[in-house]
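We name chains A, B, ... by the order of the sequence lines, and we start the count at 1 in each one. Computed over heavy atoms, backbone and side chain alike; hydrogens, waters and symmetry mates excluded.
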Protein chains: 2
Amino acid sequence: MSEKPVTIYDIAQLVNASAATVSRVLSNSDYPVSSEMRDKIKNAAKQLNYTPNMLGRQLKKNDSMSIGVIIPSISNPFYADVVLGIEEIARNGGYQVLLCNSHQNPKLEAEYLQTLLEKQVKGIILSSISPKKGWLNAYLDKGVKMISIDQRINNRQVYQLGFDYRYGAYLACEYLIQSGHRRIAFLSAALNRPSRLQLHQGYQDAMRKAGIVPLKEWVQISEDCENTAYSSTFEFNNGKELTRKLLMADERPTAVLCCNDLTAAGVINELKEQKVDVPGQLSVIGFDNIDLSQMLTPSLSTVNLPKYQMGVLACRMLMDLMNGSAAAEKEIMLQPEFIPRDSAAKLE
Amino acid sequence: MSEKPVTIYDIAQLVNASAATVSRVLSNSDYPVSSEMRDKIKNAAKQLNYTPNMLGRQLKKNDSMSIGVIIPSISNPFYADVVLGIEEIARNGGYQVLLCNSHQNPKLEAEYLQTLLEKQVKGIILSSISPKKGWLNAYLDKGVKMISIDQRINNRQVYQLGFDYRYGAYLACEYLIQSGHRRIAFLSAALNRPSRLQLHQGYQDAMRKAGIVPLKEWVQISEDCENTAYSSTFEFNNGKELTRKLLMADERPTAVLCCNDLTAAGVINELKEQKVDVPGQLSVIGFDNIDLSQMLTPSLSTVNLPKYQMGVLACRMLMDLMNGSAAAEKEIMLQPEFIPRDSAAKLE
DNA sequence: CTGAAAGCGCTAACAA
DNA sequence: TTGTTAGCGCTTTCAG
């Protein structure tokens, strides 16, 4: 095993042709080659169990046929869906995906970016948490195309693809208000990224529009602890803890809006432990519509984000950019949709 | 932007050195270079905003510094954990991960394998469902190292890393028996892969050892429908459906063992709808210990599989193999562990 | 239609 | 310590 690998020269020799001709046949070039020669070469390739070495081609063509995807963590089901969409489109276009989990660690993020560039990736899809982006321009100047998903990056060279978080939260909150709720709480992990800030904004906007001034205790935001790696259990427990704080409020709310489904799962869990009926005594609404939300009892009313579609669009956008055709829009916002289920009810 | 990229020659020219010297400095070779020259070169590199083109190095060294990972679907949280472990080790060793989702599609799987080889990947971690492996040897003969995880592959050149599913199911079943249960059901998706067969075996073994002959209706196995893509919702609904069938049994069981946590989640959900108390009237045990299992109410008793650790070990094994050092064991079986929670109770 | 030759960016003998 | 040179496997002018 593992003898010297066979190259186009070996094939050329076998069929008495030149490497050039072999290359033309085997790389599906449209350069004219007699069909007789074609067959001979193809047969020889099969016979020798030839595997093309793409590094050769890639070096020559200066195109690695890979794209990079940097996300906080693939164990976040949200990103798993997005990546699935990306990969589907990439594969159809003959590209492969280099997956990088930044673990919310700016240093790792930068490291990965560097590696990707060294591997001659010409396009990157990035969901970045880290706020400082000083190095970005140095990279962009090299001609890499970059699409930022979910988390906005303030750079006019970077194409953006995001969800309208503000509107999503607004929708959810409006639903509650129309269901007769006025004492509505907002539970969120630290507002240390654009998405969460927008969520908060949407909540505030909806409340203001309805002329409601929420009590301070209804808005529970966790402390910032940026250094922890992503873990769904963490989000879940965070939901539980926020709930305990919320229940200490003098005037209890009748509904609560959470920054994501996992937090909402924690909320529901804690409420069960504390014998607070959902939705009887307290309505709960999540955000993201991950698969989990259908599995809880009561099933979770939430806001759907088209995650897979975001992956698809991001990758299409990237491929267009890499092909030189400027994308139509510099910035696309995907619209969320409210999904009513059983965890939120009309107030009697 | 995107002018001609700077190469070691540009740097060489700038500092009046040869490309060889530049290469030696910039590739961290231990070849002696005067520290004076070193500094000059490093500065020049920085000044020119140089990014090494790894394709050049990789072609020369015939090593792509990437490994391939082929799994059914990253949206399966089980694999997400494994991949996280793989990536961690790969990164520490300077490797990157090419992620491939086979979607349980043998054709896609073969296609990806081919692409990986063409990209000069020297190691592959594979979790393959498809039973036919005729092409495998043709690849292995080229010297690729291959580690099969979770799902066993019958090939003596392939290193194996698996869980002792049989023992895991045995443990869970034994726990139920020791809790006083004798009417124990087994619910599973189609037994079309090694893991599920072993699970079934473990159930049978434990029952036999206790001298219990389970009724036919207690063993509910879904129809095989290989063509569907993975979806946790599918597993969940499958659990619900199997439960409905199970409840039609003349003699109802007092406990049920499920092939995975998502199925168990469906079971619990359906039981709630049917007003069957868990664990009061029916104990439920899952398998996998994904994060979800802690979030259900009642929290799910299940069998933990060290998923992250499997990723770590698989990647270590692979790196060892690629470095030429034969791994100590050709086949490692990781041991599962029973996690008692609230969904399974002692029988009064 | 086919082939010779140069070269993508980098590394590693071998020479100096 | 540094430089020269010959490739790694492939594509692509340019000539036949």
Roughly how many Å is it from [atom1] in [X] to [atom2] in [N], rounded to a whole number?
| X | N | atom1 | atom2 | value |
| --- | --- | --- | --- | --- |
| B:Q120 | C:dC10 | CD | C1' | 16 Å |
| B:I8 | C:dG9 | CD1 | C1' | 6 Å |
| A:K119 | C:dG9 | NZ | P | 19 Å |

Counting the atoms with a prime plus P, OP1 and OP2 as sugar-phosphate, which does [X] contact under 4.0 Å by heavy atoms, base, sugar-phosphate, or nothing?
| X | value |
| --- | --- |
| A:D10 | nothing |
| A:T7 | sugar-phosphate |
| B:D63 | nothing |

Query - Below 4.0 Å: OP1/OP2 of D:dT2 and any side-chain N or O of B:S18 - result: no
Requested in this report: Using a cut-off of strictly less than 4.0 Å, decide whether B:T21 has a side-chain nitrogen or oxygen near OP1 or OP2 of D:dG3.
Outcome: yes
Query raised in the report: How far apart are the closest heavy atoms of B:R38 and B:V33, and which atoms are they?
Result: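 So the minimum-distance heavy-atom pair works out to NH1-O, 3.3 Å.
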**Report entry** Least distance between heavy atoms, B:F163 atom then B:K307 atom
**Finding:**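 Reported closest heavy-atom pair: CZ-CA, 4.2 Å.
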Requested in this report: For DNA chain D, determine which residues of residues 25-34 of chain A have any heavy atom closer than 4.0 angstrom to one of its atoms, and list them numerically.
Outcome: A:S27, A:Y31
Report task. Name every residue in residues 45-57 of chain A that has at least one heavy atom under 4.0 Å from any atom of DNA chain D, in order of residue number, or write none if there are no such residues. Result ->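 Nucleic-acid contacts, sorted: A:Y50, A:P52, A:N53, A:G56, A:R57.
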**Report entry** A:E329, A:M333, A:R152, A:M317 screened by side-chain contact (heavy atoms from CB on, under 4.5 Å) with A:L161, the one that passes
**Finding:** A:M317
Query raised in the report: For A:V22 and B:S35, take the nucleotide of DNA chain D holding the closest heavy atom to each; which residue's nucleotide lies nearer the 5' end?
Result: B:S35
Query raised in the report: Would A:S29 and A:S27 count as having a side-chain donor-acceptor pair, cut-off 3.5 Å?
Result: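 No pair is found: no donor N or O on one side chain lies under 3.5 Å from an acceptor on the other.
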Query raised in the report: Is the closest side-chain donor-acceptor distance between A:Q114 and A:Y139 under 3.5 Å?
Result: yes
Atom pairs under 3.5 Å: protein N/O with N/O of nucleotides 5-7 of chain C:
from  : atom 1 : to    : atom 2 : distance (Å)
C:dG7 : N2     : A:K60 : NZ     : 3.4

Report task. Give a yes or no on whether B:E331 atom CD has more than 12 heavy-atom contacts from other residues, nucleotides or ligands under 6.0 Å away. Result -> yes
Looking only at side-chain atoms of [X], point me to the closest of [options].
| X | options | answer |
| --- | --- | --- |
| B:L59 | C:dT11, D:dG9, C:dG3 | D:dG9 |
| B:P5 | C:dA12, C:dG9, C:dC10 | C:dG9 |
| B:K4 | C:dG9, C:dG3, D:dT2 | C:dG9 |

Report task. Quickly, which of B:E109, B:Q104, B:Q151 forms a side chain to side chain donor-acceptor pair (under 3.5 Å) with B:S128? Name it, please. Result ->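 Passing option: B:E109.
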